[in-house]
Amino acid sequence: MCKIHAAITGVGGYVPNYRLTNEELSTIVETSDEWITKRIGIKERRILKPEEGRGISYLAVKAIEDLQSRRPFNPLEVEAVIFATTTPDYGLPSSAALTAAQTGMTNAFCFDMEAACSGFIYALDIADGFVSSGKYKKVMVIAGDILSSVTDYEDRNTCPIFADGCGCVLVEATTEEVGLMDSILRSDGSTPEHLHMYGGGSVYPASHETVEQRMHYIWQDGRIVFKRAVSSMVDACEELLKRNNLSKENVDWIVPHQANLRIIDAVAYHLNVPREKVMINIEKYGNTSAGTIPLCLWEWENRLHKGDNLILTAFGAGFTWGAVYLKWGYN
Ligand SMILES: CC(C)(COP(=O)(O)OP(=O)(O)OC[C@H]1O[C@@H](n2cnc3c(N)ncnc32)[C@H](O)[C@@H]1OP(=O)(O)O)[C@@H](O)C(=O)NCCC(=O)NCCS
């Protein structure tokens with residue numbers, strides 16, 4: 001019997017209309033276009049303004065509609081919707097359920113999952129488990145965040161980085177030699193103090209004090225996160241390449257989480273992969289957390305060929321990180 005693989009058969013994406021430029025940000029906190037461009041590599045980021053819409057499901061519905069326009073599919077055939085996000089619309093119900101209801105995926109079971117910036121690769125691996133087991137044939141993976149809703153616009157260590165955006169991929173069963181080939185996913189929850197948002201959970205439910213102490217915003221120790229991000233993504237990619245007998249020549253694309261251009265460049269340098277093979281769009285979209293990798297696939301879709309070898313890699317709060325080896329499924 002042929003092995004069942006889980007292949008991406010369509011990509012959609014959406015970023016909000018409003019462009020928050022480095023120039024505008026420099027009027028809000030003490031920073032400059034020059035500093036942000038040099039130290040982070042971002043020129044502008046998209047922000048969802050209430051005039052346009054509210055909540056991550058607003059972006060997700062737009063992303064699904066975009067996927068539908070590029071690669072029509074019957075929403076009633078989708079059996080599961082997995083939504084990777086750290087900024088769901090509400091505590092409950094899930095944004096997956098809200099999005100499915102608005103896009104006709106009414107036969108699917110739906111759930112949100114949180115792995116911060118590694119959310120997309122985690123969700124893709126879960127979808128692969130569902131599909132390659134033979135139990136399900138069509139799974140929608142959605143990944144994105146409204147990081148502007150948890151960003152402290154008085155903290156110049158974080159506000160230039162974070163942004164809003166959402167992508168989605170349809171994952172389907174195939175017996176062809178394409179799709180998700182292998183993955184390495186890791187996490188280490190021993191040092192939450194380096195990157196966290198403590199307010200609003202069951203330890204610190206929302207209160208006047210948590211709001212006053214700005215605990216509903218993401219806080220990070222940028223230097224520690226930077227170092228861990230580079231070493232973790234490089235280690236995961238090297239292990240994945242080795243155990244799949246892949247050399248840098250066989251790899252067509254590295255698709256890294258877009259957190260900082262210097263992190264991306266350091267990962268490419270350690271893997272000895274030229275920049276031409278690395279998907280980079282951080283300069284215009286910033287760090288949309290779980291959204292960055294699907295938004296790269298969305299933008300590069302018409303440059304991808306069936307059988308291309310892609311290495312997806314991410315790092316985020318948790319810490320969470322990993323790498324996925326994917327053979328692209330269509331032209
Ligand atoms: C946050 C980050 C951009 C800071 O860049 P950095 O080069 O490490 O900068 P440092 O923290 O060493 O700070 C250097 C100086 O720049 C200053 N600085 C920090 N942010 C600044 C800003 N936006 N504008 C101007 N100056 C800034 C600092 O105050 C510091 O000044 P000092 O030397 O007088 O104390 C960087 O560490 C980073 O990207 N880390 C990873 C973050 C990340 O990826 N988070 C998401 C996880 S997925």
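Whatever order the structure lists ligands and atoms in, that order sets their numbers, starting from 1. Starting from 1, each residue takes its place in the sequence as its number.
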Practice prompt. Using a strict 4.0 Å cut-off to heavy atoms of I40, name the atoms of ligand 1 that fall inside it.
Written response: 3 (C)
Discussion item. Looking at every non-hydrogen atom in both residues, tell me the closest pair between C166 and L59 and how far apart they are.
Written reply: CB-CB, 3.7 Å
Item to complete: Check each atom of ligand 1 against the heavy atoms of F315 and keep those under 4.0 Å away; list them by number with element.
Response: 48 (S)
Worksheet item: Does the protein place any heavy atom closer than 4.0 Å to atom 2 (C) of ligand 1?
Response: no
Worksheet item: Touching ligand 1 at all, V29? Heavy atoms, strictly under 4.0 Å?
Response: no
Worksheet item: Quick one: does A229 get within less than 4.0 Å of ligand 1, heavy atoms only?
Response: no
Worksheet item: Do other residues, nucleotides or ligands put more than 12 heavy atoms under 6.0 Å from K137 NZ?
Response: no
Worksheet item: Are any of the N/O atoms in R39 less than 3.5 Å from those in ligand 1?
Response: yes
Worksheet item: Do G222 and ligand 1 have an N or O pair less than 3.5 Å apart?
Response: yes
Worksheet item: Side chain of Q258, backbone of T288: donor and acceptor closer than 3.5 Å?
Response: no
Practice prompt. Please indicate, with yes or no, if any protein heavy atom is found under 4.0 Å from atom 30 (C) of ligand 1?
Written response: no
Practice prompt. Output yes when a side-chain donor or acceptor of R262 lies under 3.5 Å from a complementary backbone atom of R39, and no otherwise.
Written response: yes
